[in-house]
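Residue numbers begin at 1 in each chain, while the letters A, B, ... track the order of the sequences. All of these numbers come straight from a predicted model, not from anything done at the bench.
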2 protein chains.
Amino acid sequence: MAIRPAEQLIHKAAWLYYAHGLRQDQVASQLNISRASVAMYLRKARETGIVNISTSTQLFTDDVLARKLEDALSLDAVWIAPENDHIADPSTEIAVLAASVFLELVKKGDRIGVAWGRTVYMIADVMSYADLQDVTVVQLCGNLGAPYSYRPDQCTMEIARRLNAKGLNFYAPLVLSTEELARALRAEPVIREQLSGVSECDLALYSVGAVDADSHLVKCGALTPGEMADLRSQGAAGVIAGQIIDAEGKVLDCSYNRRVISAELASLRAIARRLVVVQEDSKFEPLLAAIAGGLCTHLVVGAHMAQRLLDHAAATTEKAS
Amino acid sequence: MAIRPAEQLIHKAAWLYYAHGLRQDQVASQLNISRASVAMYLRKARETGIVNISTSTQLFTDDVLARKLEDALSLDAVWIAPENDHIADPSTEIAVLAASVFLELVKKGDRIGVAWGRTVYMIADVMSYADLQDVTVVQLCGNLGAPYSYRPDQCTMEIARRLNAKGLNFYAPLVLSTEELARALRAEPVIREQLSGVSECDLALYSVGAVDADSHLVKCGALTPGEMADLRSQGAAGVIAGQIIDAEGKVLDCSYNRRVISAELASLRAIARRLVVVQEDSKFEPLLAAIAGGLCTHLVVGAHMAQRLLDHAAATTEKAS
DNA sequence: TGCCCAATTTGACTTTTGTCGAGAGCCGTG
DNA sequence: CACGGCTCTCGACAAAAGTCAAATTGGGCA
């Protein structure tokens, strides 16, 4: 496959069609090819991000509820996906919205930290292609060896691919069996560099995990259901980038956390824009914990969750006064 | 006209169509309106920048000629509009390309300085709409009272409108009749603030004017053809933001320049990205002057001009060695 | 050189989209 | 309260875009 001429043609076709507003048949005659080919080239152009179609997500911030939430929780921006409507699947809706929001937050030259989870992978999956050449996507936490399709490195690479950006992976297990080994591995130059580079990110994308038997930590074998229950009784409230946090959003003092290879929460907090996306209503407490810990500046949730958060905030304020 | 519900509908339609990939009839049934209305909403959405379609201008930098020029003239980036092709009008082609390049260079939160001229207005005219709320467009030089449709304030406002950004105009004549008056006016707080704010811009857009009887300075009555010829014999090589520069790109020491209200060249040079667009082949010397004076980091020209610049650079290097 | 395979291109067909004039709803005005 | 004038909306038609199987091209390999 001669890649150069093909690429050139796609570019030219896209240019004439989208920038000049010619019709497909006019493009075809300019380039001396058939209209069908033009249609195909244009599809490729859209798929590869040579052309970029994006919709403003302003609508979802304009929502009064979103504004209230921003005030109540001191967040920089909140987007609320409608759920009342007859839309097929609310969790998909949230992911689609999150993908748009994410693309709107990315700027040229940005360094983006990406964590791991079903939500993040779902966002990557519905994200449209863009052409941001000098963007770097870095992985925030170690890998889980499980055969799941949403491994941390895959999330990172998929998002990097969609953005036409550089992906920076690091290959270490998320959890090790002993604290000593984790310490030693963290001291490895390759790993240390990656982890210390996290705080230089301009944007982070992650979800928050629940502390229950459904958690990926359990499903992937990092923790047994029993251990999870133990952690819960010790005050575990949620999971961020593979680490267990308590209700205040601080790292829980436990053996598990000491065995994890992941970006420190302080590094995450050093990132100016931290986009948290939550799909499941059941992750209410974990999300509260993340917000309490200052791990979230930008939030995408469903209407349901938004209302619960607002009610909670109102109740807390009332109690305090 | 109830503006809220209409806007909401446009947003929703655009969202369902572009983000979710639904067909127009599906969108129509979701929103309980006719497909024809959906089509109309979508057009409005495109026109107002609620959706954004942009094509990568990478193709035009990939050009070997562009790369050579970047090296030869030490520019950050060069885009070359093809002229050999059977494309209708090369100057329109350059303007369309420049508009795309400009949009690609703008980042969120940017402050953009815009000067004045036929070229700049033409770029504004073909520029597609975008939704960049926290961008500010500032006017770089005073106004000419002439009835031309490309007055500095109009250039600024038009570009601001296209970007859905804030436009910052200042109302002073470009040229005054005495040097004292110009000095006094420059000292006015409103004007001083505007001019000193120029160096804080992140991006500038301007063209360069020729020193001849066709110049707008002559057409608008700021200078007589005779005065222009005089300036030329004194070493005037071009016009940038209403100011006359010599072949080295320095402000020419003349009464005219002292009577002008415009951003100082030093302020312009303080702007990180200075996009210069030249349409006419006749502006070769003015462009050389602008480049010599470091007033240009990003350049959009036609293939013809590009070749001339490269030949000139090669000749100069040869002579020097 | 000639053959084969894969990728690309094409023409014909279907589906989707854009557009236009007619009609309906709405508001301020006389 | 009836009357233009206005915009918004709809249905129907025309134009454009998407799709698919068949044909062609080109390049590697025996």
Side-chain angles (χ1 to χ4, degrees), chain A residues 1-56 58-59 62 85-88 96 126 128-131 161, chain B residues 1-56 58-59 62 85-88 96 100 126 128-130 161:
Chain A
M1 182 176 66
I3 199 148
R4 256 333 59 202
E7 284 260 300
Q8 286 262 96
L9 261 186
I10 295 177
H11 257 109
K12 278 200 173 179
W15 178 251
L16 292 170
Y17 187 75
Y18 287 107
H20 280 256
L22 298 185
R23 274 184 277 110
Q24 289 191 356
D25 51 0
Q26 295 178 297
V27 175
S29 67
Q30 277 254 348
L31 300 177
N32 285 325
I33 51 178
S34 77
R35 223 203 65 261
S37 295
V38 173
M40 197 208 60
Y41 286 153
L42 291 179
R43 183 159 39 74
K44 279 197 180 172
R46 282 186 300 257
E47 278 169 2
T48 55
I50 288 170
V51 308
N52 230 346
I53 303 183
S54 61
T55 69
S56 158
Q58 206 197 344
L59 170 66
D62 271 2
D85 285 84
H86 21 69
I87 284 166
V96 171
V126 297
S128 61
Y129 291 79
D131 192 15
R161 194 172 73 84
Chain B
M1 181 176 69
I3 199 147
R4 260 325 67 202
E7 283 261 300
Q8 286 261 95
L9 261 186
I10 295 177
H11 256 109
K12 277 199 173 178
W15 176 251
L16 291 171
Y17 187 75
Y18 287 106
H20 279 257
L22 297 186
R23 272 183 282 114
Q24 290 189 358
D25 52 2
Q26 296 178 297
V27 175
S29 67
Q30 277 254 346
L31 301 178
N32 285 325
I33 50 178
S34 79
R35 223 203 61 262
S37 296
V38 173
M40 196 207 58
Y41 286 153
L42 292 179
R43 183 160 40 73
K44 279 198 180 172
R46 281 186 301 258
E47 278 169 2
T48 54
I50 288 170
V51 309
N52 226 351
I53 303 183
S54 62
T55 70
S56 158
Q58 204 197 344
L59 170 65
D62 272 2
D85 286 85
H86 20 69
I87 284 167
V96 170
S100 275
V126 298
S128 61
Y129 291 79
R161 195 173 70 86

Which distance, rounded to the nearest 0.5 Å, do you find between the OG1 of B/Thr55 and the CG of A/Leu42? 11.0 Å

Minimum-distance nucleotide (side-chain atoms of B/Ala39 versus C/dG18, C/dT9, D/dC10): C/dG18

Roughly how many Å is it from CD1 in A/Ile10 to P in C/dT9, rounded to a whole number? 9 Å

Does a distance-only test, which skips hydrogens and angles, find a donor-acceptor pair under 3.5 Å between the side chain of B/Arg35 and the base of C/dG18? yes

Tell me whether the OP1 or OP2 atom of C/dT9 has a side-chain N or O from A/Tyr41 closer than 4.0 Å. yes

Would you mind telling me which residue lines up with the more 5' stretch of DNA chain D, A/Arg43 or A/Arg23, judged by nearest nucleotide? A/Arg23

Let me know the distance between CG of A/Asp25 and C1' of C/dG11, rounded to the nearest Å. 15 Å

Output for pair (A/Lys44 NZ, A/Ile50 CD1), nearest 0.5 Å, gives 10.0 Å

Considering every strand and a 4.0 Å limit on heavy-atom distances, what is the contact class for A/Ile33: base, sugar-phosphate, or nothing? sugar-phosphate

Mind checking the OH-CZ spacing from B/Tyr129 to B/Arg161? Nearest 0.5 Å is all I need. 3.5 Å

Whether B/Tyr17 contacts C/dT17 is assessed here as follows: a side-chain N or O lying under 4.0 Å from the phosphate OP1 or OP2. Is that the case? yes

Is any side-chain heavy atom of A/Arg46 closer than 4.5 Å to a side-chain heavy atom of A/Ile53? yes

How many Å lie between CG on A/Leu9 and P on D/dT25, as a whole number? 17 Å

Tell me whether the side-chain N/O atoms of A/Ser37 come closer than 4.0 Å to OP1 or OP2 in C/dT10. yes

Between C/dT19, D/dT9, D/dG18, spot the one nearest the side chain of B/Met40, thanks. D/dT9

Could you give the CG-to-C1' distance, from A/Asn32 to C/dT8, as a whole number of Å? 16 Å

Reported CD1-to-CG distance for the pair A/Ile10 and A/Leu31, which is rounded to 0.5 angstrom: 11.5 Å

Tell me the interatomic distance from B/Leu42, atom CG, to C/dT16, atom P, rounded to whole angstroms. 15 Å

To the nearest Å, how far apart are B/Leu31 CG and D/dC8 P? 17 Å

Can you see if the side chain of A/Arg46 gets near the phosphate of D/dG18 - specifically, an N or O under 4.0 Å from OP1 or OP2? yes

For D/dA15, does OP1 or OP2 lie under 4.0 Å from any side-chain N or O of A/Gln24? no

Without decimals, in angstroms, what is the distance between A/Lys44 NZ and D/dG18 P? 15 Å

